[in-house]
Amino acid sequence: MTKLVFFLCLSCLGAGPIHAQESDGDSTKWLTGYAMTEVNYGHRHGQEHPTVTDFPHILIGGTAQLGKGWSVVAELEYERFRMDGQWANNFRDNYTTNKLYINKQWSEAVNVKAGIIDVPVGTTNSGGPALTIYDPLDESTLMPMTWHEGGIAFWGQTKLFHYQAGGYVYPTAPLKDSRLLGLALRGGITPVEGLDLSLSYFYGSSEEGMVQRCNPNLATFKHLYHAAFDFAYVNDNWTIDGQVTKSNCKENKAAGIEVGYDVAGAMGLKSCSIIPFARYDGYFHVGGVSCNRWTIGLNTSLPYGFTFKAEAGWENPNNAKHMTSCDVSIGWQGEF
């Protein structure tokens, strides 16, 4: 509870909307939001407990415009798994507040946000495209996914450039004992329509925060960095994205790329999307282990907000037998 109070107090310092908004005198809605829910089911061939069930998975978010460039952004997520023959029923482990911050906007190019904010390193953590059901293996092996911490960041975008520079803290009670977690930078360009090229970097401690919780193997690594180059092209019915990530902890490296094509869009169907895709993920020397994974799948958005996804994967680590998997997902998403 003391951590939550700290974040709410920190949020009052000021910061900005997920997307740049129009001036106060126009017809912009004062409240916009979105919701998503899905059920996932999968099978891992050859494992003692091969079935994986993900239910429920619920994501709710929104932006409230307060006027004069001020806004409040929130995103809440709950996801419950059945793995290794048992359900994960600890609410604290299944629930997370991905975002909870106040933003102050002077222009599209100049914003500041404070509260629970994103750490935008790599494709997934920066909100880039993802066609697979679960987080990409290459990124999720090295870093927390939907990475967020308490902090403050300056950010903005123009027609060609975008940036974010933030500092992050781990709060304690009393507050005077709070510790600096690290710094994160992200910058990118959009040289042509639909193409984004970005570099991102995090430097800090792995003794606290999401790094410690999501990857305890790094828990005693005091001077950690993650560096990433990622790109995304979403245009002309194509979705092509990928990234290369490196960490100084044991010189871990990872890379991934995916390619999908919207068949429905090519046929002129505007009410849905049907995207067959293929993906490669690899991580190298993570705890002495390297692994390659190939995935083929289908990602669809159907009328009335319904979604259907299906994929099959083949994974080949150097320290174990290869594993095949298949997953299906049925969901719904909408905006208000």
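Throughout, residue positions are numbered sequentially from 1 according to the sequence presented.
Residues Ile60 make up the rest of the hydrophobic cluster containing Ile58, defined by ILVMFWY side-chain heavy atoms closer than 4.5 Å, directly or through other members.
A donor-acceptor contact shorter than 3.5 Å links the side chain of Ser200 to the backbone of Gly122. Remark: the backbone N or O of Thr37 is not paired with any side-chain donor or acceptor of Gln333 at under 3.5 angstrom. In terms of modelled atom types and a separation under 3.5 Å, the side chain of Glu149 and the main chain of Ile116 share no donor-acceptor contact. In this structure, Asn299 contributes its side chain and Gly260 its backbone to no donor-acceptor pair below 3.5 Å.
Residue Ile257 places its CD1 atom among more than 12 non-hydrogen atoms of other residues, nucleotides or ligands, all under 6.0 Å distant. Shown here is Gln47, whose CD atom has more than 12 heavy atoms of other residues, nucleotides or ligands within 6.0 Å. Atom CZ of Phe55 sits in a sparse spot, with 12 or fewer heavy atoms from other residues, nucleotides or ligands closer than 6.0 Å. Around CD1 of Ile189, the count of heavy atoms belonging to other residues, nucleotides or ligands within 6.0 Å exceeds 12. In Phe154, the CZ atom is not crowded: 12 or fewer heavy atoms of neighbouring residues, nucleotides or ligands sit closer than 6.0 Å. Counting non-hydrogen atoms of neighbouring residues, nucleotides and ligands closer than 6.0 angstrom, the OH atom of Tyr304 reaches no more than 12 such neighbours. Within a 6.0 Å sphere centred on NE2 of His43, heavy atoms belonging to other residues, nucleotides or ligands number more than 12.
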Show the atom names and distances, to 0.1 Å, of all donor-acceptor pairs under 3.5 Å that link a side chain in residues 267-276 to residues at least two apart or in another chain.
residue : atom : partner : partner atom : Å
Ser273  : OG   : Ser301  : N            : 3.4

Which pairs of donor and acceptor atoms, one on a side chain in residues 313-326, lie under 3.5 Å apart (sequence neighbours left out)?
residue : atom : partner : partner atom : Å
Glu315  : OE1  : Arg293  : NH1          : 3.1
Asn318  : OD1  : Ser290  : N            : 3.2
Ser325  : OG   : Arg293  : NH2          : 3.2

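The shortest heavy-atom contact between Ala153 and Ile117 is CB-CD1, 3.7 Å.
Between Asp138 and Arg279 there is a salt bridge, with a side-chain nitrogen of the basic residue lying less than 4.0 Å from a carboxylate oxygen of the acidic one.
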### Query
Given the rule in the ring-ring contact (aromatic ring centres under 6.0 Å, His included) test, do Tyr78 and Phe91 qualify, once you have shown the distances and angles that lead to the verdict?
CA-CA 8 Å; Tyr78 181 85; Phe91 180 85; 5.6 Å; yes

### Task
Go through the steps to decide whether Asn98 and Glu75 satisfy the test side chain to side chain donor-acceptor pair (under 3.5 Å), and finish with yes or no.
CA-CA 5 Å; Asn98 294 333; Glu75 183 178 271; 3.0 Å; yes

### Message
One pair to check against side-chain contact (heavy atoms from CB on, under 4.5 Å): Gln105 and Val110. What are the steps and the verdict?
### Response
CA-CA 6 Å; Gln105 180 186 69; Val110 182; over 6 Å; no

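Every salt bridge (charged side-chain N to carboxylate O under 4.0 Å, His left out) that Asp327 has, sequence neighbours left out, goes to Arg44. Residues forming a salt bridge (charged side-chain N to carboxylate O under 4.0 Å, His left out) with Arg80 (at least two apart in sequence, or on another chain): none.
There is no side-chain donor-acceptor pair under 3.5 Å between Thr51 and Arg82.
Listed by first then second residue, pairs satisfying ring pair (Phe, Tyr, Trp, His ring centres under 6.0 Å) with a partner in residues 173-206 read Trp147-Phe202, Tyr201-Tyr225, not counting sequence neighbours.
Two residues are said to be in side-chain contact when any heavy atoms from C-beta on lie closer than 4.5 Å; Asp196 and His162 meet this criterion.
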